[in-house]
Enquirer: 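One structure, pasted below without further comment.
Atoms within each ligand, like the ligands themselves, are counted from 1 in listed order.
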Amino acid sequence: MKLNRILAHFLLTVMAISLPFGGVRSDEPKNHDFDVVRTEDAVPPYQLPPLLVTVEGHPVRTPQEWVQQRRPQLLSLFANLIYGVVPEPEIPVRTTFEVIRTDPAYMDGTAVRKDVRIRFENSKGSAELQILVFTPKGTTNPVPAFLLHSFGGTRDDGHDASPDKKGFTRNGLPLGEFFSRGFGFVVVPQSELVKHNEVEFLKGVHPLFYRTGQSFPKANEWGVIATVSWSASRALDYLETDRDVDARRVVAIGHSKMGKAALWTAAQDERFAMAILAQSGCGGAALWKRNFGENLEKMVTRFPYWLCRNAAKFVRNEEDLPVDQHMLIACVAPRPVYVASGSEDLWADPRGEYLSAFHASPVYRLLGRRGLDSEASPAVDRVVGDDSVGYHNRAGGHSVEMFDWLRFLEFAGKHLQKP
Ligand code: GCU
């Protein structure tokens, strides 16, 4: 019996990691996107805005000055210029949670699966977000969990509501590895409150927040990524009520566009214990000012509303941006952050992703943690960072592979599992 279970578990795990998602495995941009910087010698000279100097020009020397002055300034700049602020609703939004289904014997009895409906409502409309919460069987205490910003849906409507049927990460998910290490797993779909390439913002959650007469977000108001991040914070609100999960040990994780969202989520919402950014690239961990691979112009023309409209003002003008993405990673400090690249994923700028983590490190040190010490990127497949900032550049392209999952689990295990 035990052997059968182990075998079933193994097969499910292998199935989950071996199925490609819609064949999207390469980072190669579409034909029209080859007009971007793809070699180091073509990176323009640039200067990063100073991390530890306030807008008023004062040096930031103490943890208090960082926490009370600089970090709030940076978050406000990122909100108003890059991702968009979530406006105060004119009429309060009522939020309700409902566990609509429980499967106590998920994946051959190794886990419990809960389908949870989160509903938002006021007199301007309503919207619903359906999340999945998996917790390993046989644990008595609340477990730490990964909260995945997911490309795939979570509804049983013939799509991919079951992680062992792939879809959540583009190439499957070794869920058994999470359960056997005592981690829960939460799936938050990206496109229920806002569509992937939203252009109208008349459906989903935005109308609940419009002022009278408003029908489109203002230039500094939330775009698609900010809305995805907001969903994750609302999912965490639910987790705070779920006794199977320890809401103080939840990792925000995402790949690619979802990695961009995971960074914005964890930077703002300090309840998240950790961030894992897999190939988050442009608008994620990569530095704007390097202009390497996908750049601001590509992003705002191909996906006009992923960011807020103010961001477009800096196209070909990145030197005027008062922020760069290392500052957003620094806003996660002192909580642990792990950045992962792919050596062939040039569209996401592996070098820029590393440099962001490296240049965020002074804030980790200011807050009493260790960061990355070397400006040089590590060799392919080598893991660096023995404390709160971790990094690897896996051989290969744009996907999350078993190599990545295991490194993420090791990093999270080190920081979040109680001895
Ligand atoms: C496109 C986009 C990237 C994004 C990626 C993805 O390639 O340009 O910014 O990360 O899609 O989400 O897979």
Enquirer: How long is the straight-line distance from CG of Asp242 back to CZ of Phe97, given to the nearest 0.5 Å?
Expert: 10.5 Å

Enquirer: Tell me if the centroids of the rings in Phe358 and His326 come within less than 6.0 Å of each other.
Expert: no

Enquirer: Taking only heavy atoms of Phe151, which atoms of ligand 1 are found under 4.0 Å from at least one of them?
Expert: 12 (O)

Enquirer: Between Met299 and ligand 1, which part of the residue brings a heavy atom under 4.0 Å of the ligand: side chain, backbone, both or neither?
Expert: side chain

Enquirer: Report, in ascending order of atom number, the atoms of ligand 1 lying under 4.0 Å from any heavy atom of Lys260.
Expert: 3 (C), 4 (C), 9 (O), 10 (O)

Enquirer: To check you understand the geometry: which heavy-atom pair defines the closest contact between Val60 and Thr54, and what is its length?
Expert: CG2-CG2, 3.8 Å

Enquirer: For Arg302, counting its heavy atoms only, list the atoms of ligand 1 lying under 4.0 Å from any of them.
Expert: 8 (O)

Enquirer: Any nitrogen or oxygen of Trp306, main chain or side chain, under 3.5 Å from a nitrogen or oxygen of ligand 1?
Expert: no

Enquirer: Do the ring centers of Phe314 and Trp288 come within less than 6.0 Å of each other?
Expert: no

Enquirer: With the threshold set at under 4.0 angstrom, would you say Met258 reaches ligand 1 through any of its heavy atoms?
Expert: no

Enquirer: Please tell me whether Phe146 and Trp405 form a close aromatic pair, meaning their ring centres lie under 6.0 Å apart.
Expert: no

Enquirer: Where on His255 is there a heavy atom closer than 4.0 Å to ligand 1, on the side chain, on the backbone, on both, or on neither?
Expert: neither

Enquirer: Looking at side-chain heavy atoms only, is the closest gap between Gln190 and His149 below 4.5 Å?
Expert: no

Enquirer: Can you check whether Lys257 has an N/O within less than 3.5 Å of an N/O in ligand 1?
Expert: yes

Enquirer: Using 30° and 60° as the class boundaries, would you call the ring planes of Phe216 and Phe201 parallel, tilted or perpendicular?
Expert: perpendicular

Enquirer: Looking only at distances, can you tell me whether any N or O atom of Ser280, backbone or side chain, sits closer than 3.5 Å to an N or O atom of ligand 1?
Expert: no

